[in-house]
Amino acid sequence: MGRLERVRVAVVGAGPTGLTMLKALREDGFSVTLYERRHNVGGLWAFSEDPVYTSALPVTRANLSKFTCGFSDFPLPDKYPNYMRPHEFQEYQQAFATHFDLLRDIVFGASVKQVRRNADDNGWLVDIEKDGKTETSGFDRIAICNGYQTKANIPIFEGQGLFTGQIIHSQAFKDPEPLRGKKVVVVGLSSTAGDIIPALMPVASRVYVSHRRGATPFKRYHKGTPADLAITWRRRQMSQILQRYTPNLARWVSDKAVGFMARRAWGKLDPAWRLEPFPSITLTLPGSFELVMPLLQDGSLTSLHGLTRFVGPKAVEFADGTVVDDVDAVVLCTGYSADFSITPQAVVETSKPPDAKYNGPPLPRLYLNLFPPAYADSCVLLSYCAFGKNNGFSFADITAWAVSSVWRGIEPLPARADMEKHIDAHQRWIASRRAIDPACDVSAVKQWEFQQWLHKAAGTGMAENLSLFTWKGWKFWWADRKLFNLMNHGVETAHAFRVFKTGRRKTWAGARDAIIHANEVVSKTFPMKEDEIPWPPRVSERVEAKVV
């Protein structure tokens with residue numbers, strides 16, 4: 001038995017991140033067991049009627065095209081539409097888990113209730129509830145991959161006790177039918193609201209959307225081509241250079257570009273909708289509410305100011321003093337926060353930035369938003385970095401490889417004192433961002449720092465082989481100019497992570513062909529003519545999606 005085969009690792013969660021963590025660690029020699037509280041793989045892409053489980057609705061479409069999604073050594077089949085639906089993502093992950101024989105190491109229906117240190121402080125105890133019984137197992141290392149959208153943010157409003165209608169968070173919203181014939185206020189204008197509002201419109205008697213601030217509308221297709229295909233490796237590197245050395249200029253350029261595209265896509269925006277000023281895309285991830293825009297344009301949906309309080313059994317007041325009567329239900333699309341409930345405070349400590357002007361919540365003390373400094377050699381939490389990866393689905397691979405490199409001892413982390421100093425500096429950076437926009441995402445990382453570290457630790461070799469400022473870059477350009485150009489200027493596909501031999505993770509013999517194939521499909525398919533674009537879905541397609 002090899003040295004690492006004696007190292008037992010528990011992985012929590014069977015979404016994309018957990019599956020790739022299981023696969024990567026097992027391939028590198030660890031003994032791995034994955035616990036999943038549901039009975040299938042897929043994470044939030046696996047629809048569940050259970051109101052405590054976050055899952056995409058059957059009518060949801062991905063915000064990113066299939067060409068930039070998928071795992072690094074398991075191409076998405078061409079049969080899938082350009083923008084995939086939840087059941088297709090779940091089917092793909094099931095096929096991935098089956099193909100690589102991951103299911104034998106997954107315990108389904110097992111809810112991890114607590115993760116704690118053992119009495120000797122040299123390992124982890126995991127309390128697992130399965131079939132109504134709780135058992136405890138010991139592990140050397142733990143990877144908590146329970147997702148970024150697990151703990152619902154549920155605000156409490158003044159006078160809420162007066163309200164006799166229904167108040168539900170979007171996490172518990174599974175079907176619009178129970179709200180048939182009712183007057184509904186949807187709080188928040190986000191990707192979730194972009195799914196729920198169109199689903200409610202055919203059944204509710206009246207729908208309002210209440211939001212406190214601007215929101216950036218975008219279209220999935222730009223001039224007949226998926227909008228995310230405009231982002232390439234080379235453009236991303238240039239953007240990160242700007243973010244690193246001239247952050248104010250980078251923010252100004254990005255926000256001007258986003259504003260220009262939004263106005264060009266939708267024309268004149270009615271001030272009554274209060275979409276402008278748009279939040280900075282460098283501070284807050286934009287939501288996808290493309291199907292909401294026509295409802296605002298035709299007047300069937302009313303935009304209201306932020307909800308402030310309840311003033312009666314069915315009366316709701318908004319920030320501008322407007323009161324809406326006869327409200328039957330309020331749906332809170334107010335987002336999620338990282339769920340550290342299964343880890344004790346001694347593992348995930350919190351603090352506030354040493355800045356008197358900071359008035360936000362305490363922040364987890366995690367190095368690179370991944371590792372608790374005291375236990376970085378045996379614990380990682382992949383639930384607190386929703387802003388910093390170009391595509392969370394595809395980036396699951398590279399994150400798992402980076403963690404494996406750390407735990408195998410081939411990517412050393414700084415000394416604990418240095419990690420603590422880094423966290424202090426990072427929290428000051430978060431405070432500076434919050435001073436610009438109090439609603440900014442506090443789980444953000446510096447993209448140039450975070451992605452540079454991941455690529456280095458994982459050993460993708462992309463930074464040095466895709467640049468003409470390095471000898472390796474020139475050698476690759478000379479040896480395979482076609483692939484060099486496609487990887488720099490073509491589709492940003494995860495297969496690129498598997499091309500170069502670096503000794504830190506396995507290459508994949510099919511990577512080159514998969515990259516070329518993805519680019520050929522894109523070049524032959526796009527741009528589409530306006531009447532060929534399969535979006536927005538027809539009403540019949542939305543009904544079909546509900547049934548799937």
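Quick caveat: nothing in here was measured; it's all calculated off a predicted structure. Throughout, residue positions are numbered sequentially from 1 according to the sequence presented.
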Looking at every heavy atom in both L307 and S210, which two are closest together, and how far apart are they? N-OG, 3.0 Å

Electrostatic pair R263:E276 at N-O distance under 4.0 angstrom: yes

Would you say that R61 contacts M84 through its side chain, given a criterion of any heavy-atom pair below 4.5 Å between the two side chains? no

May I ask you to test the V185-V207 pair for a side-chain heavy-atom distance under 4.5 Å? no

Candidate pair L64 and Y83, rule side chain to side chain contact (heavy atoms under 4.5 Å, CB included), full reasoning: CA-CA 7 Å; L64 299 174; Y83 288 93; 5.5 Å; no

With a 4.0 Å cut-off on N to O distance, would you call R213 and D437 a salt bridge? yes

Between T68 and D228: side-chain donor-acceptor atoms closer than 3.5 Å: yes

Neighbour count above 12 (heavy atom, 6.0 Å) for K183 NZ: yes

F67 pairs by side-chain contact (heavy atoms from CB on, under 4.5 Å) with which of T493, T525, V521, N519? V521

If you draw a 6.0 Å radius around NZ in K130, do more than 12 non-hydrogen atoms from other residues or ligands fall strictly inside? yes

Atom pair CG/CG of L275 and L189 - distance to nearest 0.5 Å: 6.5 Å

The reported gap from CG in L76 to NZ in K66 (rounded to nearest 0.5 angstrom) is 7.5 Å

Looking at side-chain heavy atoms only, is the closest gap between V324 and Y208 below 4.5 Å? yes

All pairs passing salt bridge (Lys or Arg N to Asp or Glu O under 4.0 Å) where residues 88-100 contributes a residue, at least two apart: K79-E91, R85-E88

Would you sort out whether R236 and I231 count as a side chain to side chain contact (heavy atoms under 4.5 Å, CB included), showing the intermediate values? CA-CA 7 Å; R236 189 177 296 280; I231 303 173; 3.2 Å; yes

Look at the rings of W45 and F89 and say which category their plane angle falls in: under 30° parallel, 30 to 60° tilted, over 60° perpendicular. tilted

Does the side chain to side chain contact (heavy atoms under 4.5 Å, CB included) test come out yes or no for V445 and Q451, once each step is laid out? CA-CA 9 Å; V445 289; Q451 293 193 18; over 6 Å; no

Please check if the number of heavy atoms outside R212 that lie under 6.0 Å from its CZ is greater than 12. no

Is any side-chain heavy atom of L162 less than 4.5 Å from a side-chain heavy atom of V311? no

Nearest heavy-atom approach of Q160 to I167 is CG-CD1, 3.6 Å

Of the non-hydrogen atoms in R38 and A46, which two are nearest, and what is the gap between them? NH1-O, 2.9 Å

For K151, I'd like to know if atom NZ has over 12 heavy atoms of other residues, nucleotides or ligands within 6.0 Å. no

Checking side-chain polar atoms at under 3.5 Å, does T54 have a donor or acceptor matched by the opposite partner on Q171? yes

For K133, check side chain to side chain contact (heavy atoms under 4.5 Å, CB included) against everything at least two apart and list the hits. none

Between S55 and K174, does any side-chain donor sit less than 3.5 Å from a side-chain acceptor? yes

Compare every heavy atom of A439 with every heavy atom of T284, then report the nearest pair and how far apart it is. OG1-O, 4.1 Å

Scan side-chain atoms only and decide if H517 and D78 contain a donor-acceptor pair under the 3.5 Å cut-off. yes

Could you tell me whether a side-chain N or O of T20 sits under 3.5 Å from a main-chain N or O of A400, the two making a donor and an acceptor? no

Taking atom SG of C385 and atom OH of Y148, what is their separation to the nearest 0.5 Å? 6.0 Å

Residues passing the ring pair (Phe, Tyr, Trp, His ring centres under 6.0 Å) test with F71, sequence neighbours excluded, are Y92, F96, F393

Can you list every salt bridge (Lys or Arg N to Asp or Glu O under 4.0 Å) pair that touches residues 297-323, not counting sequence neighbours? E158-R309, R309-E317, K314-D328

Are R433 and W429 in a cation-pi setup, meaning NZ or CZ lies under 6.0 angstrom from the ring centre and within 45 degrees of the ring axis? yes

Could you check whether any side-chain N or O of E36 sits under 3.5 Å from a backbone N or O of A14, counting only pairs where one atom can act as donor and the other as acceptor? yes

Under 3.5 Å, side chain of E290 to main-chain N/O of R220, donor-acceptor pair present? yes

CG-CG distance between L285 and D441, expressed to the nearest 0.5 angstrom: 6.0 Å

Side chains of F74 and H495 in contact at under 4.5 Å (non-hydrogen atoms): no

Go through the steps for D255 and S280 under the test side-chain hydrogen bond (donor to acceptor under 3.5 Å, both in side chains), then give the verdict. CA-CA 6 Å; D255 293 346; S280 174; 2.9 Å; yes

What distance do R37 atom CZ and S48 atom OG have between them, rounded to the nearest 0.5 Å? 8.5 Å

Pair I106, V41 - check side chain to side chain contact (heavy atoms under 4.5 Å, CB included), show working. CA-CA 9 Å; I106 301 177; V41 303; 4.2 Å; yes

Hey, does H305 have a side-chain heavy atom less than 4.5 Å from the side chain of T322? no

Do side-chain atoms of H222 reach the backbone of A265 as a donor and acceptor pair under 3.5 angstrom? no

Do T150 and D339 get their side chains close enough for a donor-acceptor pair, meaning under 3.5 Å? no

Using residues 191-199 as the side-chain source, report each donor-acceptor pair under 3.5 Å to any protein atom, sequence neighbours left out, with the distance given to one decimal.
| from | atom 1 | to | atom 2 | distance (Å) |
| --- | --- | --- | --- | --- |
| S191 | OG | N63 | ND2 | 3.4 |
| S191 | OG | S288 | N | 2.7 |
| D195 | OD2 | T60 | OG1 | 2.8 |

For the residue pair F450 and K446, establish whether any side-chain heavy-atom pair is separated by less than 4.5 Å. no

Residues passing the side chain to side chain contact (heavy atoms under 4.5 Å, CB included) test with R434, sequence neighbours excluded, are Y358, N359, P361, C440, V442

Check whether the side chains of E492 and T232 place a donor and an acceptor atom closer than 3.5 Å, and report yes or no. no

Do we get K23 above F100's six-membered ring, with its NZ or CZ under 6.0 Å from the centre and within 45° of the axis? yes

Check ion pair E532-K529 (N to O, under 4.0 angstrom): no

Angle class for the F310/F157 ring planes (parallel below 30°, perpendicular above 60°, tilted otherwise)? perpendicular

pair L370-Y384: side-chain heavy atoms closer than 4.5 Å: no

So which of D397, L382, T399 actually passes side-chain contact (heavy atoms from CB on, under 4.5 Å) with T17? L382

For S303, is there any backbone N or O sitting under 3.5 Å from a side-chain donor or acceptor partner on H211? no

Of the non-hydrogen atoms in F340 and L381, which two are nearest, and what is the gap between them? CD2-CD2, 3.7 Å

Please check: side-chain N/O of T350 versus main-chain N/O of L363, any donor-acceptor pairing under 3.5 Å? no

Which heavy atom of P217 sits nearest to which heavy atom of A215, and what is that distance? CD-O, 3.3 Å

